[in-house]
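A quick write-up on the structure given underneath.
Note: hydrogens, waters and symmetry copies are ignored here, and every other heavy atom, side chains too, is used. On a predicted model such as this, the values are computed, not experimentally measured, just so you know. Every chain is numbered from 1, with letters handed out A, B, ... down the list of sequences.
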Amino acid sequence: MAHVVEVAPAMSMPQLDKARHVKYWTRCVKTLLPHQYISLDSNRMYLGYFILAALDVLHALETVCSETERSDFANWIYRCQCPGGGFRMWRGTDFGELANDGNGKWDPANVPATYFALVTLLILGDDFKRIKRKQTLQWLRKMQRPDGSFGETLVEGQIEGGMDPRYGYCVAGIRYVLRGTMSGPLNLDGEEVQDIAVDTLVTRIRQAEAFDGGIADQPFNEPHAGYTFCALGALNFVGRLKKAELPPSVPSPQEGPSNPQEVVRWLVYRQTDSLDPDANNDSEFVGDSMSAKITDRELESILPSNAAPPGHNDAIESAKVTDRELENILPTHAPSPGHNEAPKQGVEPSGHDGTGSHGATTGFDWHCAGMNGRTNKIADTCYAWWSGASLHILGQPTLYDREAVQKYLLGKTQHGILGGFGKFPGDLPDLYHSYLGLTALSIAGSTEVKKVDAGMCISEDAKARLKNVWKSWGIDSPQDGP
Amino acid sequence: MGKYSQDPQWADITPLPTDEGGPNPLAAIAYSDEYAETMSYLRAVMAADEKSERVLALTEDLIDMNPAHYTVWLYRAECLFAVGGATEQERQKSLRQELEWLNDTALDHQKNYQIWHHRMLVVDKLGSVEGEQEFVEQMFDKDAKNYHVWSYRQWMVRRFDLWEKGELEFTEGLIGRDVRNNSAWNHRWFVVNGREGSEGVKDKGVRTREVEFAMQAIGRAPGNQCGWNYLRGVARKGGMGLGELKVFVGQFAGLEGGEVRSSHALDLMAEILAEEEGGREEAGRALDMLKEKYDPIRRNYWEYRKVMLGLPAAGAAA
């Protein structure tokens, strides 16, 4: 026969191209981010978090960034701290000498910015002595609405921002960093600081549970893996999480989720072999431009400019993209040879992995399967984190096929030339997917990267520094905390 | 020279450039000249808390480049409501204009949240839902699963009491077009169950209607999880015994050599059997079939379900 198709032998585990990842992140930290990131200018704090957290997870923060640079980064973060506590996302709203009581409303502290500032300071090994701890905790409490949800900013006494558990997660995380697991009023500098209303936060999260087991941003909205992570993560931070244990038991009304087994069921169903990026689009979770697909025409401009940002006197050589690499990438933005998707792979007859057939349903290679964010959506790098980490938080870290997730990330969305991860197979890398690809790999069992804490999304090393910070504030570390 | 620095209308404003305040700012971006200039003028007028027509134009420019800017939207809203006209008629006109601008902006930035929040403020103030259903459907033509748009649709239904104004038929139409659109299924659940004081699927008539709706959709696409989740949800929340579904489910999950047409049916069958007197062993067999043949990707989970039933676990895979 002329067209004998040879069935590929069991796909071996592709490797993490660590050097290229380090190079990708080095470029991000040493040179200006390309202009496509302008639409994320007001999210600079979390872009900075991705960059430093990724270098940390790759064991490269200390080698890539000098002590001076690291201390400059911490100084920049502190310059984003607002006079009344909390942090802004970037200096873009700061009026400098023109700041006054009247215009202060346009330069508010921002809840996610504050969480990311705190964890980035942990990553940098900061001593937290410059944190406006009391003011931040006082402000935090004002961010809660009567229904239990939290907002993003406080402008003229009005809580702004969507009703969405991203803020609840960040608030719970800020509270955890600044007061550990202590609940109730706290005496700070001779002043009593009230706690957030934890009970109503729990109630609010339980109300957003959907009929199929997932958790949404608000009651009756569609369940979503990102919001499910935030909801579980918030419960975890405030010590109200009911894990999925055997035999199952019913949580008290002060705990959530109301039925952990249903959430587990919904989460394991997030794993899918569906890969076709043209089938649909996804991932409204962080914002469009992070996941925007970039055309060849735009490719040239996405490569970081070799101009150094203010203060970077010399963009280091190794961070530059060489002409050779450029040549490789220009004709096609598919991953490198060897990581290329075999055109027929997804529809090969089953059995080539030697572990049994799957019946007549789809015809998939079950040894390569990522996670999606909602029912009937396709796999996407970031949901390998949101869905996988949710299972870890619930205490069931092995109920998904972690090897298949590793294969999906390493074989499909890792970028073979630039390093980093794209959203879908063949996509160019961006900061968001590149960091969450690494953290997803870590919790899926890869030993190439540092161990990542599923609740905080930073390395266990960085999280462990909290102990000393707490000690300096006289807080005992919990024996069995989140 | 830039657009603003050359414009005599802006000559009275001293731009306020970004001040990173020190060396090595984090996540610094290669700002275009246009963006850097627009931001500098924005900061200057915000610092003065100016509310004027020219500020509206400036915020439009800025939003086009950076729609995620979290205070520019609030500033624009204040501005709009402050300069939007002296008479009711003028105010209505300016709000309508704002919606028209928002239409284009939403189509350009489909995944942006702020746009939709701003739209809620404007439509709420207008007090009229006229044209909104049509626009939302235009958005769904682009992406029928856009999360923000679905949130907005729910808000519309509540705010303008659209529960019985064709909303159920709307979900039927969308599900008819794409039976796998989980967002449309979820919206149906909302329309049926989300109304304050309504019984939803706890009402027997409603429950029967919804069970039939789900069964028909399953008949069209047995491998589609949406229909199965909905059916199971209706039964569970409607207080109906899962056993009542056994005959139907059995058609798709034949256990004794019958044809298995859907792994989701097999999953539900395992649940039905587990609730039956003495059905545990048979439930375990359904779970084994899922593990070995019909849904091996979730093999660890199927093992876990067996343990939940008190059945011995096979040497669980790693």
Side-chain angles (χ1 to χ4, degrees), chain A residues 32-35 37-44 47-48 51 69 72-73 75-77 79 91-93 95-96 98 102-103 106 110 152-153 155 160 162 211-212 220-222 246 268 271 280-281 284 287-288 305 307 309-312 356-359 361 366 369 374-376 398-399 401 404, chain B residues 16 18-32 35 39 43 46-47 49 65-71 74-75 109-113 117 143 145 147-148 150-151 154 180 182-183 186 189-190 194 223 225-226 229 233 237 260 263 292-294 296-298 300-301 304 307-308:
Chain A
L32 294 172
L33 295 171
H35 70 86
Y37 283 89
I38 284 174
S39 61
L40 291 165
D41 191 28
S42 8
N43 293 322
R44 285 253 314 265
L47 299 181
I51 295 170
E69 283 172 313
D72 286 344
F73 297 149
N75 292 339
W76 182 84
I77 294 173
R79 284 198 299 275
R91 300 261 299 171
T93 54
F95 304 119
L98 297 182
N103 61 29
W106 303 129
N110 176 296
E152 181 181 25
T153 54
V155 176
E160 299 289 351
F211 67 90
D212 60 3
F220 290 104
N221 274 1
E222 189 180 2
L246 291 180
V268 296
Q271 193 154 18
N280 219 317
N281 40 20
E284 56 297 303
D288 49 340
S305 75
H312 282 297
S357 68
H358 50 74
T361 38
W366 66 262
R374 293 186 262 161
T375 301
N376 282 346
T398 59
L399 290 190
D401 187 336
Chain B
L16 189 58
T18 305
D19 177 14
E20 297 285 3
N24 289 317
L26 202 45
I29 297 167
Y31 294 143
S32 61
Y35 180 70
M39 273 297 276
R43 251 187 311 270
M46 270 181 142
D49 203 14
M65 291 182 268
N66 177 12
H69 190 308
Y70 47 89
T71 50
L74 306 174
Y75 181 45
H109 304 279
Q110 291 190 42
K111 300 288 175 76
N112 177 280
Y113 158 76
H117 181 69
D143 175 7
K145 300 178 181 180
Y147 206 89
H148 303 304
W150 281 109
S151 269
Q154 288 201 6
R180 292 167 199 275
N182 195 56
S183 307
N186 188 76
W189 181 270
F190 162 70
Q225 201 186 359
C226 299
N229 278 347
K237 305 276 175 182
V260 174
S263 62
E292 281 151 25
K293 189 168 178 186
Y294 294 98
I297 224 175
R298 276 167 272 281
N300 291 1
Y301 175 66
Y304 174 83
V307 176
M308 259 173 90

### Task
Select one option (side chain, backbone, both, neither) describing which atoms of Arg44(A) are under 4.5 Å from chain B's heavy atoms.
both
### Query
Can you name the nearest heavy-atom pair linking Pro67(B) to Ser39(A), along with the distance?
CD-CB, 4.3 Å
### Heavy-atom closest contact (Leu26(B) atom, Gly48(A) atom, distance)
CG-CA, 3.6 Å
### Message
At a 4.5 Å cut-off on heavy atoms, which part of Val155(A) comes close to chain B: side chain, backbone, both, or neither?
### Response
side chain
### Task
Applying salt bridge (Lys or Arg N to Asp or Glu O under 4.0 Å), name anything that partners Glu222(A), two or more places apart in sequence or on another chain.
Arg374(A)
### Task
Measure across Asn229(B) and Thr375(A) and return the closest heavy-atom pair with its distance rounded to 0.1 Å.
ND2-OG1, 4.2 Å
### Query
Do you know the tightest heavy-atom contact between Asn221(A) and Tyr147(B)?
CB-OH, 3.7 Å
#### Entry: Residue part contacting chain A, namely of Met46(B), when any heavy atom lies under 4.5 Å
both
### Query
Can any side-chain N or O of Tyr70(B) pair as donor or acceptor with the backbone N or O of Thr153(A) at less than 3.5 Å?
no
### Query
Any idea which heavy atoms bring Cys226(B) and Asn376(A) closest together, and the distance?
SG-ND2, 3.2 Å
## Note on the structure
Okay, His69(B) and chain A: the region with an atom under 4.5 Å from a heavy atom over there is both
## Note on the structure
Honestly, the part of Tyr75(B) sitting under 4.5 Å from a heavy atom of chain A is both
## Note on the structure
Turns out that what part of Asp41(A) lies under 4.5 Å from chain B's heavy atoms comes down to both
### Message
If I take atom CG from residue Asn43(A) and atom CD1 from residue Ile29(B), how far apart are they, to the nearest 0.5 angstrom?
### Response
9.0 Å
### Task
Under 4.5 Å heavy-atom distance to chain A, tell me which part of Tyr304(B) shows up: side chain, backbone, both or neither.
both
### Query
Step by step, would you call Asn300(B) with Thr398(A) a side chain to side chain donor-acceptor pair (under 3.5 Å)?
CA-CA 7 Å; Asn300(B) 291 1; Thr398(A) 59; 5.0 Å; no
#### Entry: Closest non-hydrogen atom pair between Asn103(A) and Ala47(B), with its separation
ND2-O, 2.9 Å
### Message
Please check this pair: side chain of Arg91(A) against backbone of Thr18(B), looking for a donor-acceptor N/O pair closer than 3.5 Å.
### Response
no
#### Entry: For chain A, the option from Ser32(B), Ala68(B), Gly233(B) that forms the most heavy-atom pairs under 4.5 Å
Ala68(B)
### Task
Can you tell which part of Gln271(A) gets under 4.5 Å to a heavy atom of chain B, answering side chain, backbone, both or neither?
both
### Query
Do the side chains of Trp76(A) and Asn24(B) get nearer than 4.5 Å, heavy atoms only?
no
### Message
Please classify the contact between Ile51(A) and chain B as side chain, backbone, both or neither, with a heavy-atom cut-off of under 4.5 Å.
### Response
side chain
### Query
Is the shortest heavy-atom distance from the side chain of Phe211(A) to the side chain of Asn186(B) under 4.5 Å?
yes
### Task
Drop me the distance from Ile38(A)'s CD1 to Met39(B)'s CE, to the nearest 0.5 angstrom.
10.5 Å
### Message
Does any backbone or side-chain atom of Leu16(B) lie under 4.5 Å from a heavy atom of chain A? Answer side chain, backbone, both or neither.
### Response
side chain
